[in-house]
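First up is the structure itself, then whatever we jot down about it.
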Amino acid sequence: MGKSIKKHRFLLLATVWLWLKTYIVYKTSFDIEIESWVQELILFINPLSFLLFIFGFSLFMKEKSRNRYIVAMSLFITALLYVNVMFYRFFNDFITLPVLFQTSNMGDLGNSVFELFRFTDLLLFADVVLFAWLVRKKSSFVSFEPVTKKERHVYILTLVAVALLNLGLAEAERPQLLTRTFDRKMLVKNIGMYNYLIYDAVLQSKTKAQRALADSSELADIENYIRANEKAPNKQLFGIAKNRNVIIVSMESLQSFVINNTVNGQEITPFLNDFIKQSYYFDNFYHQTGQGKTSDAEFLIENSLYPLGRGAVFFTNATNEYNATPEILKNYGYYTAVFHANNKSFWNRDVMYQSLGYDRYFSLNDFDVNEENSVGWGLKDKYFFEQSIAYLKTLPQPFYTKFITLTNHFPFELGEEDRMVPEYTSNSRTLNRYFPTVRYMDESLKLFIESLKKEGLYQNSIIILYGDHYGISENHNEAMAQYLGKQEITPFDHVQLQRVPLIIHIPGVTDRDPKVISKVSGQIDVKPTLLHLLGIDTKNDLHFGQDLFAKDKLDFVVLRDGSFVTKDYVYKDNVCYDKKTGLKTDISYCEPYVEKAKQELDYSDKIVYGDLLRFYNGKNGTNYKK
Ligand code: GP9
Ligand code: MN
C-alpha cells in the first residue's frame, strides 16, 4: 500500500491538488450558498470523482506518456475551471456546452474579458507549470514503473465508491436532483462543476435525439393547452395600428427600478419618464430570459415561446421552423429589417434572423464605427440610431423593424463627455457606472424619436420599447440594497428586480389617452399583443403569451428559472412569498400555479427541441403560409 502510494505520488499529488484547487475556486469565485455542513461536505468532495476518473486513464498508459498525460489533463482541467470563473463573473451562472462552443462569441467579448481578468488569475496556472517542471527535471519524483493489476483495481474501486458517496449524499439532500434540470447552481453544488459538464453533454445529445424522434402527434396536447388559455383580443384596440410601421427597440440591460427614479437627486431616465406619459406603460412586466440574454429577449418578443433553460436558442435551434412576427408580417405586405451594430454572426444572429423571417439585417459592416463614436461594446447608441435612421428612410413601407442598443451593456463604460449624471457611490463599480450609461441610452432614445419625427416616420408608426434583461446581477446585491434603501435583497426582491420596462407608443392614440398598466406580464406577451394591435388574427398561431390588453388577461408570468409571479404571490426556489409583505407565506397559495408554470416551460421546450412547428405548418396550413 505504502509502496504504491509512493510509486504513484505524482498522480496522487495532481489529483489531490486539483481537487483542493477546485474547492478553493468554488469558495472564492462562485457564490454557492451553503446551508448545512452536509452541503459543505458534498461541495468539498464533488470534484473528486471526476478527477479520479480523468487522471485514472494514466494507469493504463505507458510510463512516459502517463506523466505527460497528467500534466496535460491538469492544464485542461484548470482551463475548464478558469473559463467557468470568467463566465461566472460575467453572467453569474455556470457555463453549459452550447455556450462553451460558441467560440465566435468569445472573441467578441473583447473588452469584457479584459475587464473581467485579474492578475491573480494567473496563480491558477502556477501548479501546472510546477507539474511540467517536475516531469522534465525531477524524474526521481515521478515514477516510471509499470502499474500492477491490483493497483488498478483498488483505484477503480475508490473511484466508484467516491462517485456513489457523492451521488448518495446529493440525492438525499436534493431528491430528483438530476431530473429537475433548470437550476444549474444546485447541480454544480451537488455533483460538481466537472460532472455537471458531463451531465450537460448527455442532455445535449438527448435534445439532439429529441428532434430526430419528435413527431406531429406531440403537438396535439400543446395545442389544446394553448387554445384553452387564449383570451379574446380587446375589441377597441384590435387593428388600431393597422398597416402602420413597427419600430421596436431593445433597450440593453434596462431594469424598471431606474424609471421615475434618481441618482444623486438627478433623474436617470428623464426622456422615458416623459415618454411614458404619452404611452401605455407596463410596470409589472418581467424579462424571461435565460443564458441567451439579449437574444433570448428577441426570441420571446417575436415568437412568444420560452427561450431554453440551457444554452441560447439562437445557437442551439437556429434553423428550426418558426412563425415569428417578422415572417407573419411579410405575408401582410411588410418589409422587415433588424439593426444591430455588432458582428453579424454574434449570437448566431445571421442564421437565426433568416429563420425569423427578416428581409435585411443591418450589422457591423453597415455602420461606420471608429474610435470616436464607440465605447465598450461598440458603436454608441446615439450614432447607432443616427446611422440607422439613414437606412430606415430608404426602406419600403410599411416596415417592421427592430433596433438593438448596446451602450448600456456591462461593464457600463462611458467617456466623461457623455456622462449626464454622476456615478453612484457604493462598493459595486458595476452598479455605480450603470446610472450614467442608462442616462446616455435615455438621451439617445430621445434623439431617435426626434429624428423619426423629423423624417416623417413617426406619426404612422407604432413604437415599442422594452428592456431586454437585468443589468445588475445578484453579485451586486449589497450595493443594490443600499441604493434601494433596503436592509438586504431577499429572493423575493430579486424576482421583483427582474422587471423591465415595456412601453407601447401609438401616436394619435396613446398620447391622447396614456395609461400605466400594472397587470403581471412578460416578454412572452408582446407577440400576440402587437399582432392584435395591427389587426392580425392569431387564432392559428401557437404561442404562450396573452394579449396584454385582453380584458381577462391572466396576471401571471413564468421566469426561465421556474420562478413565477401572480397577482398576489411570488414563487421562487420552492418558497411562496406574499407580494404585499414580501415575506414567506404558506406554499399552498402558490401551489395552483406550480404545475402550470412547469407545464408551460415543458411544452415550449418540447416545441423548440422537437422543432415541432415544422409539422404545424405542414399539417394545418396556418393563415400565414400562403
Ligand atoms: C451584443 C448584444 C448584447 O450583440 O446582444 O448581448 P448580451 O450580453 O446582452 O446578451
Ligand atoms: Mn442585452
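Just follow the structure's listing: the first ligand is 1, and inside any ligand the first atom is 1. Worth knowing before you read on, the calculation uses all heavy atoms, side chains too, and leaves out hydrogens, waters and symmetry mates.
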>> So if I count the atoms of ligand 1 from 1 in the order they appear, which ones are less than 4.0 Å from some heavy atom of E252?
In response: 3 (C), 9 (O)

> H469 heavy atoms, cut-off 4.0 Å: which ligand 1 atoms fall inside?
Replying inline: 9 (O)

>> Before we go on, tell me: are the rings of F367 and F384 under 6.0 Å apart, centre to centre?
In response: yes

> Can you tell me which residue and heavy atom of the protein come closest to atom 8 (O) of ligand 1, and the distance to 0.1 Å?
Replying inline: H409 NE2, 2.7 Å

> What do we get for W377 next to ligand 1 when only non-hydrogen atoms under 4.0 Å count, side chain, backbone, both or neither?
Replying inline: side chain

> Do F125 and Y82 have ring centres separated by under 6.0 Å?
Replying inline: yes

> So which protein heavy atom does atom 4 (O) of ligand 1 come closest to, and at what separation?
Replying inline: H340 NE2, 2.6 Å

> List-wise, which protein N, O or S atoms are found short of 2.8 Å from the Mn ion (ligand 2)?
Replying inline: E252 OE1, E252 OE2, T294 OG1, D468 OD2, H469 NE2

> Closest non-hydrogen protein atom to atom 6 (O) of ligand 1, residue and atom name please, with distance?
Replying inline: T294 OG1, 3.1 Å

>> Could you tell me, atom by atom, which parts of ligand 1 come under 4.0 Å of a heavy atom of N342?
In response: 1 (C), 4 (O)

>> In terms of relative ring orientation, are F544 and Y306 parallel, tilted or perpendicular, with 30° and 60° separating the classes?
In response: tilted

> In terms of ring plane angle, is the pair F385 and F448 parallel, tilted or perpendicular, where the classes change at 30° and 60°?
Replying inline: parallel

> Is the Y335-Y400 ring centre distance short of 6.0 angstrom?
Replying inline: no

> Relative to the heavy atoms of F346, which atoms of ligand 1 are at a distance of less than 4.0 Å?
Replying inline: 1 (C), 4 (O)

>> Quick check on the 6.0 Å ring-centre criterion: do F435 and Y483 meet it?
In response: yes

> Do S295 and ligand 1 have an N or O pair less than 3.5 Å apart?
Replying inline: no

> If you count the atoms of ligand 1 from 1 in the order shown, which ones are under 4.0 Å from a heavy atom of K293?
Replying inline: 7 (P), 10 (O)

> Should the pair E423-R429 be classified as a salt bridge under the 4.0 Å nitrogen-to-oxygen rule?
Replying inline: no

> Got a salt bridge between D547 and K553, using NZ or NE/NH1/NH2 to carboxylate O under 4.0 Å?
Replying inline: no

> Parallel, tilted or perpendicular for F410 and F412, by the 30°/60° rule?
Replying inline: perpendicular

> Under 4.0 Å between a Lys/Arg side-chain N and an Asp/Glu carboxylate O for D283 and K519?
Replying inline: no

>> Angle between ring planes, F30 versus Y26, binned at 30° and 60°: parallel, tilted or perpendicular?
In response: tilted

> Do ligand 1 and R349 have nitrogen or oxygen atoms that lie under 3.5 Å from each other?
Replying inline: yes

> Which ligand 1 atoms does W347 reach within 4.0 Å, using its non-hydrogen atoms?
Replying inline: 5 (O), 6 (O), 10 (O)

>> Quick check: Y458 with H505 (ring centres under 6.0 Å apart)?
In response: yes

>> With heavy-atom distances below 4.0 Å as the criterion, list the atoms of ligand 1 near L406.
In response: 1 (C), 2 (C)

